[in-house]
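Let me begin by presenting the structure, written as structure tokens, before commenting on it.
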Number of protein chains: 2
Amino acid sequence: MSCSFSKQEQILQQFKGLTNQISPKFERCTGISASRYELLSQLYNTEEINQSTLQKAVNIDGAAITRHLKQLETSGMVARRRNPDDNRVIFVSLTEEGRQRIVEYRKENMGFVKQMLHDFTPEEVDALSDMMERMQTNISEY
Amino acid sequence: MSCSFSKQEQILQQFKGLTNQISPKFERCTGISASRYELLSQLYNTEEINQSTLQKAVNIDGAAITRHLKQLETSGMVARRRNPDDNRVIFVSLTEEGRQRIVEYRKENMGFVKQMLHDFTPEEVDALSDMMERMQTNISEY
DNA sequence: GTATTATATTTGACTGGTCAATGGATAGTG
DNA sequence: CACTATCCATTGACCAGTCAAATATAATAC
């Protein structure tokens with residue numbers, strides 16, 4: 001018996017396929033990986049932040065965060081120092097250099113997203129965002 | 001000047017964050033990685049298929065396909081043989097074993113997706129699927 | 001019929017994520 | 001005050017994707 005796969009069942013694959021396509025293209029277009037861009041974005045609106053709270057904000061494994069930040073540090077865009085009051089935690093912040101570069105990156109990001117969503121109404125973007133948030137909470141307990 | 005980031009700009013990050021969360025959970029729940037599941041699914045409704053057309057169907061780099069298929073071959077779920085009429089191409093097919101296993105995997109997949117979309121109406125699922133398709137075509141030219 | 005070009009698969013180097021284990025620092029408890 | 005818990009960051013091992021280069025075969029052009 002042949003038996004095809006429903007739209008529901010394929011949603012996951014569509015999701016994965018789309019992000020797999022997006023990631024390298026984003027990086028080519030903007031000159032920075034999506035994850036590093038997100039880290040810089042998070043730092044942009046703050047002075048100094050715990051590495052662990054930064055990690056929770058971007059929802060990537062701590063090991064990857066450590067590596068990204070080290071890289072961003074050696075490239076001069078972020079600064080890191082230990083919290084003198086608690087030597088376990090590390091404070092992360094943007095350098096002046098990083099603060100300037102993020103502005104450029106942000107332009108590229110906006111261009112990319114605008115292209116990707118050029119035929120989307122604002123309501124659709126909202127709906128999409130909401131649905132993703134719901135999916136996130138629906139699987140968060142797993 | 002502090003300057004926050006719009007919903008549009010954050011869509012990408014939301015996307016990436018969600019797939020990053022989904023992938024390991026899917027694998028834990030179903031016992032197979034999403035990519036391998038997709039490969040098996042594709043093979044389920046066919047007799048024999050070119051590796052290259054399979055690759056285009058799942059939209060993953062050929063290098064990764066080769067590695068996945070080799071793994072699935074040594075685990076006894078797929079068979080591969082060269083096309084006698086064109087020794088460049090490789091025919092891939094499910095083994096009996098693979099054909100049985102995919103049925104189980106599919107159950108797990110449905111359970112997982114059902115949980116993830118449990119509060120979605122069918123119309124929402126359709127809308128989501130359509131939007132992803134549009135995004136895909138919107139960035140395909142890049 | 002050879003030379004070139006194109007196609008299919010494979011391999012290697014690299015990136016970025018996961019988990020599990022480690023080390024150092026702090027907090028809580030008897 | 002020790003002793004245990006916990007927390008934070010790091011490290012190592014692994015997996016899955018990318019690109020680019022290599023290989024082998026087929027198709028095309030002269």
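Just the heavy atoms: all of them, side chains too, but no hydrogens, waters or symmetry mates, feed the values below. Letters A, B, ... are given to chains in the order of the sequence lines, protein chains preceding strands, and every chain is numbered from 1.
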- Message: When both hydrogen-bonding distances must be under 3.5 Å and the geometry is Watson-Crick or G-U wobble, what is D:dA5 paired with, if anything?
- Response: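 WC or wobble partner does not exist here.
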- Task: Go through the steps for B:Arg134 and A:Glu124 under the test salt bridge (charged side-chain N to carboxylate O under 4.0 Å, His left out), then give the verdict.
- Result: CA-CA 12 Å; B:Arg134 278 156 65 200; A:Glu124 283 179 316; 3.0 Å; yes
- Dump the intermediate steps for side-chain hydrogen bond (donor to acceptor under 3.5 Å, both in side chains) on B:Asn138 and A:Asp119, then the final yes or no. CA-CA 9 Å; B:Asn138 287 345; A:Asp119 54 354; 3.0 Å; yes
- Query: Hey, any chance A:Leu40 and A:Phe91 share a hydrophobic cluster, counting ILVMFWY side chains that come within less than 4.5 Å of each other, even indirectly?
  - Reply: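 Cluster IDs for A:Leu40 and A:Phe91 differ.
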Find the distance [X]:[atom1] to [N]:[atom2] and express it as a whole number of Å.
X: A:Asn59; N: C:dG17; atom1: CG; atom2: C1'; result: 12 Å
X: B:Asn20; N: C:dC19; atom1: CG; atom2: C1'; result: 14 Å
X: A:Ile32; N: C:dT15; atom1: CD1; atom2: C1'; result: 14 Å
X: B:Gln71; N: D:dC15; atom1: CD; atom2: P; result: 8 Å
X: A:Ile22; N: D:dG17; atom1: CD1; atom2: P; result: 16 Å
X: B:Leu54; N: C:dT9; atom1: CG; atom2: C1'; result: 13 Å
X: A:Glu27; N: C:dC14; atom1: CD; atom2: P; result: 15 Å
X: B:Arg36; N: D:dC14; atom1: CZ; atom2: P; result: 15 Å

- Answer whether the closest heavy-atom distance between the side chains of A:Thr46 and A:Leu94 falls below 4.5 Å. no
Base, sugar-phosphate, or nothing: which does [X] touch, judged by heavy atoms less than 4.0 Å apart?
X: A:Lys16; answer: sugar-phosphate
X: B:Asp61; answer: base
X: B:Ser33; answer: sugar-phosphate

- Syn versus anti for D:dA5, judged by chi lying within 90° of 0?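 Classified syn.
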- Query: In a check of side-chain contact (heavy atoms from CB on, under 4.5 Å) between A:Val89 and each of A:Val92, A:Asn87, A:Asp86, which one passes?
  - Reply: A:Asp86
- Message: Check the phosphate of D:dC15 against B:His68, side-chain N and O only, distance under 4.0 Å to OP1 or OP2. Yes or no?
- Response: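 The answer is no; no side-chain N or O of B:His68 sits under 4.0 Å from OP1 or OP2.
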- Task: Ignoring hydrogens and angles, state whether a donor on the side chain of A:Ser35 or B:Lys16 is under 3.5 Å from an acceptor on the partner side chain.
- Result: yes
- Message: With nearest nucleotide decided by heavy atoms, which residue, A:Asn83 or A:Arg67, maps closer to the 5′ end of DNA chain C?
- Response: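 Nearest nucleotide further toward 5': that of A:Arg67.
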- Task: Using ring pair (Phe, Tyr, Trp, His ring centres under 6.0 Å) as the criterion, list what pairs up with A:Phe112, not counting sequence neighbours.
- Result: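 Applying ring pair (Phe, Tyr, Trp, His ring centres under 6.0 Å) to A:Phe112 gives A:Phe26, B:Tyr142.
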- DNA chain D: 5'-proximal contact among B:Ala64 and B:Asp85 (nearest heavy atom):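 Checking each residue's closest nucleotide, the 5'-ward one belongs to B:Ala64.
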- Sugar-phosphate atoms are those with a prime plus P, OP1 and OP2; base atoms are the rest. Using that split, label each nucleotide of nucleotides 5-10 of chain D B, S or - for protein heavy atoms under 4.0 Å, 5' to 3'. --BSSB
